[in-house]
Amino acid sequence: MHGTMFIPVDTEPEVAALIIGGSGGNEPILIAEHLAHEGIPALSVAYFGHENLPPDLSEIDLNYFQTALALLAARLGNRRVSVAVVGQSRGSEAAMLTALLFSDLIDAVVVAVPSNLALCGFPSGGPAWIHNGVALPYSNEFGPECANPEAVFATELVDAPILFASAGVDEVWPSAPMARAMAKRRRAHSKQGGDLLLEYPEATHSMGYLCPDLPAGLAHSDPPLTRAARADVWPRVVRFIQGVAARGS
């Protein structure tokens, strides 16, 4: 496991979060740190590109995220708290698949500038995700439609509420249509209770960083309307995660 745990001081948290980053391979530490400042323990993880991890986004074993959830629980003393999984960009695929495969461990899902399907590995192609040694169906093209319907996420099977946050001028992939497709699929199966669909028509892909202010290394490519979108979406994300009641309470 390659990750960083942020624990709020002098709190008895009722909810925690697992944060999964995108195709850059770096840990989404910024989100985890900001959530901890809001009283939410958070574990940010890298899942490739580091020592003892796959070299790139290819054949990532989804059991890795199950292990991360167990580590998060252990760090909190194994007492029962609600858990949200947060995925950015390609990490949205991991977050959605984690919620589908390990539904008993997940109470809420947040996907930022998301995909509605499992894409191929990057940059080498082939399957990006595996589970118990079996490659999961994938697409070589962006959604919301694709030639392989098995690659499309069955979002109606996720019992937890989902927050979809997308960018209308996303220069990386069509996150807004893909987010709408996931929300529409859940509505068609009457599974949208508690969901939140947020679309920012003038925002770019970097809206997916979620936090209002970016460090200097990222801020150079941060348009004002994208910053405004993050300033709006961040408190909504925090409230969404905080509002998830512990199972069985």
Side-chain angles (χ1 to χ4, degrees), residues 18-25 28 45-49 53-66 68-69 85-103 105-106 108-168 170-192 195 197 199 205 208:
L18 172 66
I19 320 297
I20 307 173
S23 60
V45 295
Y47 51 98
F48 69 93
L53 297 180
D56 55 27
L57 205 171
S58 178
E59 298 188 1
I60 304 300
D61 189 343
L62 291 160
N63 289 324
Y64 180 84
F65 302 108
Q66 184 184 34
L69 291 167
V85 58
V86 181
Q88 303 170 276
S89 193
R90 290 300 303 264
S92 71
E93 299 172 39
M96 196 63 67
L97 289 167
T98 297
L100 286 164
L101 291 169
F102 314 115
S103 60
L105 303 177
I106 298 298
V109 182
V110 176
V111 284
V113 289
S115 172
N116 71 315
L117 48 79
L119 283 168
C120 61
F122 177 80
S124 55
W129 313 104
I130 64 173
H131 182 230
N132 293 335
V134 178
L136 299 189
Y138 65 91
S139 172
N140 290 314
E141 57 193 38
F142 297 148
E145 305 294 334
C146 75
N148 182 6
E150 292 186 353
V152 178
F153 299 134
T155 55
E156 71 276 9
L157 299 181
V158 176
D159 289 331
I162 305 175
L163 185 153
F164 306 96
S166 66
D170 195 321
E171 72 281 21
V172 174
W173 62 11
S175 63
M178 291 193 289
R180 289 197 298 267
M182 288 189 283
K184 180 179 179 181
R185 182 163 179 157
R186 284 176 64 80
R187 287 196 302 272
H189 291 82
S190 300
K191 291 296 291 290
Q192 78 279 15
D195 287 0
L197 176 63
E199 182 175 327
H205 194 75

Kindly compute the distance separating [atom1] ([X]) from [atom2] ([Y]), expressed to the nearest 0.5 Å.
X: D61; Y: I130; atom1: CG; atom2: CD1; value: 4.5 Å
X: W129; Y: S58; atom1: CH2; atom2: OG; value: 10.5 Å
X: T98; Y: L18; atom1: OG1; atom2: CG; value: 7.0 Å
X: I60; Y: L136; atom1: CD1; atom2: CG; value: 11.5 Å
X: N148; Y: S139; atom1: CG; atom2: OG; value: 7.0 Å
X: Q66; Y: I106; atom1: CD; atom2: CD1; value: 10.0 Å

Shortest non-hydrogen contact from [X] toward [Y]:
X: S23; Y: F48; value: O-CZ, 3.4 Å
X: A176; Y: G168; value: CB-CA, 4.3 Å
X: A118; Y: E93; value: CA-OE1, 3.6 Å
X: N116; Y: A181; value: ND2-CB, 3.9 Å
X: V109; Y: A99; value: CG2-CB, 3.6 Å
X: P174; Y: G143; value: CG-O, 3.5 Å

Is it true that, when you exclude E150 itself, more than 12 heavy atoms of the residues, nucleotides or ligands shown sit nearer than 6.0 Å to its CD?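 No, the 6.0 Å shell around CD holds no more than 12 heavy atoms from other groups.
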
Under 6.0 Å from the CZ atom of F122, do we count more than 12 heavy atoms belonging to anything else shown?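 Incorrect, the count does not exceed 12.
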
Check against side chain to side chain contact (heavy atoms under 4.5 Å, CB included), Y64 and L53: CA-CA 10 Å; Y64 180 84; L53 297 180; 3.6 Å; yes

R186 (side chain) donor-acceptor with V158 (main chain) under 3.5 angstrom: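 Indeed, once roles are kept as given, a pair shorter than 3.5 Å links the two residues.
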
Donor-acceptor pair, S175 side chain versus S166 backbone, under 3.5 Å?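 No; judged by distance alone, with no hydrogens or angles, the pair does not exist.
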
Should [X] and [Y] count as side-chain neighbours, where that means a heavy-atom distance under 4.5 Å?
X: D195; Y: R187; result: no
X: W173; Y: L119; result: yes
X: V113; Y: S92; result: no
X: I162; Y: M182; result: no

Under 3.5 Å, is there a donor on one side chain and an acceptor on the other for S89 and H205?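 On atom types as modelled, these side chains qualify, holding a pair under 3.5 Å.
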
Mind checking whether F65 and Y47 have parallel, tilted or perpendicular rings, split at 30° and 60°?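 Perpendicular.
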
